[in-house]
Number of protein chains: 2
Amino acid sequence: MSPHDLNVKLDTHEPQLKILDPELLDYIQRRRVEDVVFPAGATIMLEGDVNPPLYSVTEGWAIRYKTLQDGRRQILSFILPGDVIGFQAQFFENAVTSIEAVTDVSLCVVAYRDIADLYQTQPDIAFRFAALAADQKRQMEEQLLSIGQRTALERVSALILDIHNRAEARDMKQAGSIPFPVTQQHVADALGISLVHANRTLKRLQRDGLFRIKGRRLEMLDAAALEQVAQKPTS
Amino acid sequence: MSPHDLNVKLDTHEPQLKILDPELLDYIQRRRVEDVVFPAGATIMLEGDVNPPLYSVTEGWAIRYKTLQDGRRQILSFILPGDVIGFQAQFFENAVTSIEAVTDVSLCVVAYRDIADLYQTQPDIAFRFAALAADQKRQMEEQLLSIGQRTALERVSALILDIHNRAEARDMKQAGSIPFPVTQQHVADALGISLVHANRTLKRLQRDGLFRIKGRRLEMLDAAALEQVAQKPTS
DNA sequence: CGGACCTTTGACGTATATCAAATGGTGTGG
DNA sequence: CCACACCATTTGATATACGTCAAAGGTCCG
């Protein structure tokens with residue numbers, strides 16, 4: 001069996017995993033134990049939680065984050081419907097990041113005995129999970145590049161593009177716009193800038209006609225220009 | 001088989017993998033194909049490289065990084081002897097990050113047919129690799145927290161602590177100090193600050209007696225105080 | 001209709017960047 | 001073994017992107 005037979009090996013020219021691997025999705029459906037709903041604002045998982053479960057997101061948006069002792073919060077990623085969360089956590093005794101619902105969130109809990117067991121009994125599924133995790137690590141590294149090297153204007157552009165592309169790939173676009181329940185405070189915490197500066201930067205990009213955020217929805221107006229501003233990575 | 005039997009499930013209370021999993025090390029030794037040496041400054045791997053190999057570092061230090069088109073560089077991690085590199089890359093067509101030798105670097109090339117094949121034929125080894133990758137992802141997230149939320153002073157403190165702890169865990173400490181071939185430019189590129197500011201910050205921490213860098217070696221003087229400055233994460 | 005939360009705007013402060021140049025190591029070749 | 005060349009470190013002066021503080025609108029929902 002080669003990665004190509006699996007149709008799982010990721011093509012770097014297509015920067016994101018377009019959709020959730022269908023076979024993996026199928027596996028998750030079959031192992032679904034129960035569905036859970038968290039209201040907006042609820043904490044789904046807290047750093048340090050013992051043996052957190054493995055979830056697949058059915059509906060709603062969430063954030064994954066880490067905090068410092070004095071309360072400063074870094075959002076690591078935005079979680080959209082279709083995302084699998086808590087796979088990495090299976091390798092640790094405790095959850096290493098926290099997750100909070102941004103909107104009401106529906107999750108289905110995936111059951112399996114144990115992560116090591118999965119590797120023994122279902123190596124193909126384990127492989128698919130691993131490919132997903134590899135892509136998530138890549139996303140973290142992209143974020144690191146963004147926050148470390150890009151200016152606030154570039155970061156905001158890159159974030160808007162990223163969220164838009166992910167949502168679009170999941171067929172969340174309707175009437176030319178995607179849901180956008182993200183607040184300016186979220187943008188600030190994800191990009192390491194202040195709320196006020198996030199506001200001014202978003203404002204400026206919108207004044208220049210690159211996109212429009214209105215009524216919790218995002219309409220992309222000039223993706224090419226936005227990419228220009230964002231400064232693409234080398235590859 | 002449970003993670004505990006494997007002694008691989010990672011304990012969050014011990015923030016880092018102390019040493020390379022011995023069984024994995026053994027596997028790598030047995031699959032060693034050839035040894036390669038790169039001189040200081042050489043590019044070991046370049047973003048975009050097709051089907052990059054899997055390496056284990058025998059000797060020397062390296063950096064893993066990504067760049068923007070205009071040349072800005074973000075160092076993602078420092079690679080020390082004992083580290084395995086290129087595992088994640090196996091899931092992609094092309095390398096997603098670049099690697100450069102800081103000192104002369106000795107690598108051994110690990111052979112196996114194919115990553116998917118490894119999952120089928122050696123699920124236990126695949127599991128150990130995955131645990132390693134999970135830990136690397138955790139490190140990336142820690143970095144993200146650092147760069148996004150910490151001040152320059154806190155970032156430098158956290159980086160010095162991190163490198164020191166990793167080197168110490170690998171028994172690289174001799175006569176109370178560890179090798180430290182990292183330049184101030186490296187520190188700047190890893191933390192998203194300017195060279196000049198990296199210098200002033202390193203200087204200040206040393207003036208306050210927290211550590212000492214001299215002759216490409218680092219001597220830790222007051223780890224507790226440094227941790228204080230660095231602002232630990234919540235957990 | 002009130003309250004909670006989010007967005008927007010102005011004024012001002014500061015951490016960090018940039019520019020420029022001197023100083024200090026270190027390895028190599030004469 | 002010296003001396004040059006190259007690179008890393010250090011320091012001062014000045015600039016700016018971004019943060020903080022404060023307060024005024026919006027918007028949504030009970």
Side-chain angles (χ1 to χ4, degrees), chain A residues 39-42 61 63 70-74 100-104 146-157 159-160 179-207 211-218 229 231, chain B residues 39-42 61 63 68 70-75 100-104 146-157 159-160 179-207 211-218 229 231:
Chain A
W61 291 46
I63 52 174
D70 66 2
R72 282 175 280 174
R73 172 175 78 168
Q74 176 65 38
E100 183 180 303
V102 170
T103 64
D104 292 352
S146 214
I147 298 191
Q149 302 300 323
R150 290 198 247 240
T151 66
L153 192 70
E154 294 164 353
R155 287 181 220 181
V156 170
S157 302
L159 178 64
I160 294 294
F180 194 77
V182 175
T183 68
Q184 295 184 354
Q185 183 67 65
H186 287 136
V187 172
D189 287 351
L191 300 181
I193 61 182
S194 70
L195 168 61
V196 173
H197 202 59
N199 174 273
R200 295 198 219 273
T201 309
L202 281 164
K203 208 87 202 302
R204 173 165 162 203
L205 289 167
Q206 290 180 82
R207 175 169 48 67
F211 58 87
R212 183 162 33 200
I213 294 171
K214 195 147 189 246
R216 315 268 101 165
R217 296 191 69 84
L218 164 68
V229 176
Q231 289 265 15
Chain B
W61 291 46
I63 52 174
L68 292 175
D70 66 3
R72 280 174 281 175
R73 172 175 78 167
Q74 176 65 37
I75 294 180
E100 182 181 302
V102 171
T103 65
D104 293 352
S146 214
I147 298 190
Q149 302 300 324
R150 290 199 247 241
T151 66
L153 191 70
E154 294 164 352
R155 287 182 220 181
V156 171
S157 303
L159 178 64
I160 294 294
F180 193 78
V182 175
T183 69
Q184 295 183 354
Q185 183 67 64
H186 287 136
V187 172
D189 287 351
L191 300 182
I193 60 182
S194 71
L195 169 62
V196 173
H197 202 58
N199 174 272
R200 295 198 219 273
T201 309
L202 282 164
K203 208 86 202 304
R204 174 167 161 201
L205 289 168
Q206 291 180 80
R207 175 170 48 68
F211 58 86
R212 182 160 35 200
I213 294 171
K214 193 145 190 252
R216 315 267 101 166
R217 296 191 69 84
L218 164 67
V229 177
Q231 289 265 14

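Naming: A, B, ... by sequence-line order, numbering from 1 per chain. A quick note: this is a predicted structure, and the numbers were derived from the prediction, not measured.
Closest contact between the side chain of Lys203(B) and the listed nucleotides dC18(D), dT11(D), dA8(D) involves dT11(D).
If you take CZ of Arg150(A) and P of dA17(D), they are 18 Å apart, rounded to a whole angstrom. Rounded to an integer number of Å, the gap from CG of Leu195(B) to C1' of dT9(D) is 8 Å. The distance between atom CG of Asp104(A) and atom C1' of dC29(D), rounded to the nearest whole Å, is 14 Å. Between Ile213(A) atom CD1 and dT27(D) atom C1' there is a gap of 16 Å when expressed in whole angstrom units. For Arg72(A) and dT20(D), the CZ to C1' distance is 15 Å, given to the nearest whole Å. Going from atom CZ of Arg217(A) over to atom C1' of dT27(D) covers 18 Å, rounded to whole Å. One can place NE2 of His197(A) at 17 Å from P of dC21(D), the figure rounded to the nearest angstrom. Atom-to-atom, CZ of Arg200(A) to C1' of dG19(D) comes out at 10 Å; the value is rounded to the nearest Å.
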> Passes side-chain contact (heavy atoms from CB on, under 4.5 Å), Leu202(B) versus Ile160(B)? Steps please.
Replying inline: CA-CA 9 Å; Leu202(B) 282 164; Ile160(B) 294 294; 4.1 Å; yes
> How far apart are the C-alpha atoms of Thr201(B) and Val187(B), what are their side-chain angles, what is the distance that settles it, and do they pass the side-chain contact (heavy atoms from CB on, under 4.5 Å) test?
Replying inline: CA-CA 10 Å; Thr201(B) 309; Val187(B) 172; over 6 Å; no
> Under the side-chain contact (heavy atoms from CB on, under 4.5 Å) criterion, do Val102(B) and Val182(B) qualify, and how do the steps go?
Replying inline: CA-CA 7 Å; Val102(B) 171; Val182(B) 175; 5.6 Å; no
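DNA chain D is contacted by both Gly192(A) and Gln206(B); Gln206(B) maps to the nucleotide lying nearer its 5′ end (nearest heavy atom per residue). In terms of position on DNA chain D, the residue among Val196(A) and Thr151(A) whose nearest nucleotide sits closer to the 5' end is Thr151(A).
At distances below 3.5 Å, at least one donor-acceptor pair connects side-chain atoms of Asp104(B) with backbone N or O atoms of Ala40(B). Gln231(A) places no side-chain N or O within 3.5 Å of a backbone atom of Arg150(A) that could act as its donor or acceptor partner.
Heavy atoms of Ser194(B) sit under 4.0 angstrom from at least one base atom. Arg216(B) comes within 4.0 angstrom of the backbone, heavy atoms only, and of no base. Within 4.0 Å of Gly41(B), counting heavy atoms only, lies no atom of the nucleic acid at all.
You can see that DNA chain C meets the heavy atoms of chain B within a 4.0 Å-exclusive cut from dT16(C) to dC19(C), reading 5' to 3'.
One distance of note links NZ of Lys203(B) with CD of Gln184(B); it measures 9.5 Å at 0.5 Å rounding. With values rounded to the nearest 0.5 angstrom, Glu100(B) atom CD is found 5.5 Å from Arg73(B) atom CZ. Between Thr183(B) atom OG1 and Arg216(B) atom CZ the span is 7.0 Å, to the nearest 0.5 Å. How far NE2 of His197(A) is from CG of Leu191(A): 10.5 Å, rounded to the nearest 0.5 Å. One distance of note links OG1 of Thr151(B) with CZ of Arg72(A); it measures 6.5 Å at 0.5 Å rounding.
Across its full length, the helix from dC1(C)-dG30(D) to dG30(C)-dC1(D) shows an angle of 40° between the axes of its 5 terminal pairs at either end, rounded to 10 degrees.
Within the 4.0 Å cut-off from OP1 or OP2 of dT9(D), not a single side-chain nitrogen or oxygen of Asn199(B) is found.
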